[in-house]
Amino acid sequence: MSIIDWFLDRFRLKTLHRGIFDRDIPEGINYFYCFGGIAFTALLVCIISGLFLSVHYIPSEKEAYQSIIKIHEEVYLGKLIRGLHKWSANVLIVSIVIHSIRVFITKSYRPPRELNWIVGVLIFVVVMLESFTGYLLLWDQKAYWATVVGTNIAGSIPIIGETVLLLIRGDYEVTGKTLIRFYSLHILWFPLIMMILLWAHFHMIKRLGISKPL
Ligand code: HEM
């Protein structure tokens, strides 16, 4: 037994690996069935790069913009980490769109997977909100006005519009309060909700298996 085998055996990692990765897949699937996995990989890169960014980012009205410049120009590997965060977010969005189209075309939303489709739609919404809240964190003119416009749309809902607007912005205008609110949603609330939804998504995939191609 090599030292690696011994190590894997003592941690029982081989059986764990088998439990997680060795699964039956239906015959006849193609590369389009990989996009759920690609989306998950992109999400992991997003989370890891985001953890590093949060070490240097300052979510305050006065310092947010400067802290981003500092990450970009002074922090060791800062530019790379920012790039990874931005590009993995883009890959995530493109791959969930392709993944959803694949699920739609193969009619995998039909029972018994209809609840997983609903969970998927919720994941999609959370990913979009995650992008929207992340965009404000740059705290430059473009981010500011994009948030003014985006939140104005929510504010134009009949009857409850003003309440919703105040709830999202934390104020009548987009201010430092909005920045902190969006930061909290971006790094805590939405990732937490996403983890719960992804657990449900993967649990159903594990129990129901992947649908047979048409
Ligand atoms: C971060 C987002 C997502 C991740 C990481 C993810 C991951 C996965 C993975 C790994 C699978 C296994 C099969 C495959 O990869 O094609 C899968 C299946 C599935 N996903 Fe997603 N998914 C996401 C978003 C969505 C969205 C937005 C929808 C629909 C609106 C959706 C609906 C489904 C359904 C119905 C299945 C079962 C398909 C089948 O059995 O053929 N997912 N997902």
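Computed from a predicted structure; not experimentally measured. Just so you know, ligand 1 is whichever comes first in the structure, and atom 1 is the first atom listed for that ligand. Residue indices begin at 1 and follow the sequence shown.
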Which residue and heavy atom of the protein sit nearest [atom], plus the separation:
| atom | answer |
| --- | --- |
| atom 27 (C) of ligand 1 | G120 O, 3.1 Å |
| atom 37 (C) of ligand 1 | R113 CD, 3.9 Å |
| atom 2 (C) of ligand 1 | I96 CG2, 3.2 Å |
| atom 35 (C) of ligand 1 | V103 CG1, 3.4 Å |
| atom 23 (C) of ligand 1 | H99 CD2, 3.5 Å |

Does [X] come within less than 4.0 angstrom of ligand 1, counting non-hydrogen atoms of the residue?
| X | value |
| --- | --- |
| F104 | no |
| F35 | no |
| T106 | no |

Over 60° means perpendicular and under 30° means parallel, so classify the ring planes of W139 and Y144, tilted if in between.
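Ring orientation of Y144 relative to W139: perpendicular.
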
With a cut-off of 4.0 Å, which atoms of ligand 1 are near a heavy atom of I205?
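So the atoms of ligand 1 that pass are 8 (C), 9 (C), 11 (C), 12 (C), 17 (C), 18 (C), 43 (N).
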
Which of the atoms of ligand 1 are close to F124, meaning less than 4.0 Å from one of its heavy atoms?
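Near F124, the atoms of ligand 1 are 27 (C).
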
Ligand 1 to [X] polar contact by distance, N or O atoms, under 3.5 Å:
| X | answer |
| --- | --- |
| S211 | yes |
| Y33 | yes |
| Y109 | no |
| R102 | yes |
| N116 | no |

Output field: ring centroids F182/F132 closer than 6.0 Å
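F182 vs F132: aromatic centres under 6.0 Å.
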
H201, N/O/S atom nearest atom 21 (Fe) of ligand 1
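Closest to atom 21 (Fe) of ligand 1 among those atoms: NE2.
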
Could you please spell out the steps behind the side chain to side chain donor-acceptor pair (under 3.5 Å) verdict for N116 and R207?
CA-CA 11 Å; N116 217 6; R207 292 293 149 97; over 6 Å; no

Heavy atom to atom 7 (C) of ligand 1, shortest distance: which of P112, S100, G36 holds it?
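Minimum heavy-atom distance to atom 7 (C) of ligand 1 goes to G36.
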
Can you give me the closest heavy-atom contact between I68 and L137, atom names plus distance?
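Shortest heavy-atom separation between I68 and L137 comes out as CD1-O, 3.7 Å.
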
Side chain of R113, backbone of G209: donor and acceptor closer than 3.5 Å?
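Yes, R113 side chain to G209 backbone: donor-acceptor pair under 3.5 Å.
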
Quick one: does NZ or CZ of R102 land under 6.0 Å from the six-membered ring centre of Y33, within 45 degrees of the ring axis?
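Because its charged atom sits under 6.0 Å from the ring centre and within 45° of the axis, R102 does stack over Y33.
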
Does only the side chain of V121 get under 4.0 Å from ligand 1, or the backbone, or both, or neither? Count heavy atoms.
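It is both parts that get close, each with some atom under 4.0 Å.
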
